[in-house]
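One structure below.
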Amino acid sequence: MGKKRPSWDEYFIGLCEAVRERATCDRGRNGVVIVRDKQVLVTGYVGSPPGAPHCDEVGHQLKAVTHEDGRTTWHCRRTTHAEMNAIFQAAKRGIALKGSTLYTLMEPCYDCAKGIVTVGIERVVCKARYHDSKDSEELLRRSGIRVDYLSNEVVRYEKQ
């Protein structure tokens with residue numbers, strides 16, 4: 001007997017692991033693969049816009065967000081999230097994402113969830129959960145987007 005062949009979800013999440021190696025911010029280092037009909041359309045990773053400095057070179061640009069319940073979360077504003085970078089790459093290349101599946105190592109934030117809904121992605125597969133995902137979960141659910149989690153583990157990193 002040979003090695004167990006991964007499911008399609010496991011296979012594409014494995015590709016996300018390779019994509020994340022290009023990320024330039026060590027907070028929530030993420031990789032995304034967008035697929036339709038079991039074919040990769042585009043990838044994306046956490047990184048600064050072209051020509052802008054990277055967190056790994058100059059440090060983070062952290063901003064505090066205070067929520068209605070009084071809690072504060074910290075977000076790095078220097079970089080573009082992997083989900084949006086993948087969506088932007090598709091736009092640059094004229095690739096329609098309607099009906100596709102987005103694979104990600106970490107559940108999308110609210111801003112990325114808005115982009116996912118807007119371009120017509122139908123399914124999101126997350127390796128793990130994001131610490132501030134309540135609003136994005138609700139938006140994706142209300143929009144009829146199927147979200148599957150491979151784990152209920154919450155990604156942890158410094159100064160969330």
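In terms of modelled atom types and a separation under 3.5 Å, the side chain of E21 and the main chain of A18 share no donor-acceptor contact. In this structure a side-chain-to-backbone donor-acceptor pair under 3.5 Å is missing from S136 to A113. Distance alone, capped at 3.5 Å, places no donor-acceptor pair between the T43 side chain and the V32 backbone. Panel note: side chain T104, backbone E107; no donor-acceptor pair is recorded below 3.5 Å. Judged purely by atom type and a 3.5 angstrom limit, N30 uses its side chain to pair as donor or acceptor with the backbone of L105. R78 places a side-chain N or O within 3.5 Å of a backbone atom of G59 that can act as its donor or acceptor partner.
Note on E17 versus R20: salt bridge recorded, some NZ/NE/NH1/NH2 to OD/OE distance being below 4.0 Å. A salt bridge does not link E83 to K114: none of the charged nitrogens lies less than 4.0 Å from a carboxylate oxygen.
Between atom CG of residue D111 and atom CE of residue M84 there is a gap of 8.0 Å, rounded to the nearest 0.5 Å. Rounding to the nearest 0.5 Å places CD1 of I116 at 9.0 Å from CG of L139. Atom NE2 of H60 and atom NE2 of H54 lie 13.5 Å apart (nearest 0.5 Å). With values rounded to the nearest 0.5 angstrom, M106 atom CE is found 11.5 Å from C16 atom SG. Rounded to the nearest 0.5 angstrom, L41 CG and I34 CD1 are separated by 7.5 Å.
Under a hydrophobic clustering in which Ile, Leu, Val, Met, Phe, Trp and Tyr are joined whenever their side-chain heavy atoms come within less than 4.5 Å, directly or via other members, L150 and V19 fall into the same cluster. A continuous path of Ile, Leu, Val, Met, Phe, Trp and Tyr side chains, each step under 4.5 Å between heavy atoms, connects V119 with V42, placing both in one hydrophobic cluster. Taken together through direct or relayed side-chain contacts under 4.5 Å among Ile, Leu, Val, Met, Phe, Trp and Tyr, Y149 and Y110 form part of one hydrophobic cluster. Under the 4.5 Å side-chain heavy-atom criterion for Ile, Leu, Val, Met, Phe, Trp and Tyr, V33 and I95 are members of distinct hydrophobic clusters.
The side chain to side chain donor-acceptor pair (under 3.5 Å) analysis of residues 115-125, with sequence neighbours excluded, yields the pairs D9-R123, R123-D148. Sorted by first and then second residue, the salt bridge (charged side-chain N to carboxylate O under 4.0 Å, His left out) pairs involving residues 85-95 (not counting sequence neighbours) form an empty list. Contacts classified as ring pair (Phe, Tyr, Trp, His ring centres under 6.0 Å) and involving residues 15-52 (residues at least two apart or in different chains) are not found. The stretch residues 11-34 participates, sequence neighbours left out, in these ring pair (Phe, Tyr, Trp, His ring centres under 6.0 Å) pairs: W8-Y11, W8-F12, F12-Y103. The list of salt bridge (charged side-chain N to carboxylate O under 4.0 Å, His left out) pairs with a residue in residues 33-49, not counting sequence neighbours, is empty. Sorted by first and then second residue, the pairs that involve residues 49-59 and meet salt bridge (charged side-chain N to carboxylate O under 4.0 Å, His left out), not counting sequence neighbours, are R29-D56.
Side-chain contact, T72 with H67: no donor N or O sits under 3.5 Å from an acceptor N or O. In the model, H81 has no side-chain atom that pairs as donor or acceptor with a side-chain atom of T79 under 3.5 Å.
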Step-by-step side chain to side chain contact (heavy atoms under 4.5 Å, CB included) determination, T101 to I121: CA-CA 6 Å; T101 297; I121 291 170; 5.8 Å; no

Begin with the C-alpha distance, continue with both residues' side-chain angles, and end with the deciding distance and a verdict on side chain to side chain contact (heavy atoms under 4.5 Å, CB included) for T80 and V46. CA-CA 6 Å; T80 303; V46 176; over 6 Å; no

Could you go through T73 and H75, starting from their C-alpha distance and side-chain angles, then the distance that decides it, and tell me whether this counts as side chain to side chain contact (heavy atoms under 4.5 Å, CB included)? CA-CA 7 Å; T73 57; H75 302 271; 2.8 Å; yes

Side chain to side chain contact (heavy atoms under 4.5 Å, CB included) between R146 and V124, intermediate numbers included: CA-CA 6 Å; R146 178 178 157 196; V124 175; over 6 Å; no

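Annotation: side chain of S48 is not in contact with side chain of P53 (no heavy-atom distance under 4.5 Å). Between T24 and C55 the shortest side-chain heavy-atom distance does not fall below 4.5 Å.
Around NZ of K4, the count of heavy atoms belonging to other residues, nucleotides or ligands within 6.0 Å exceeds 12.
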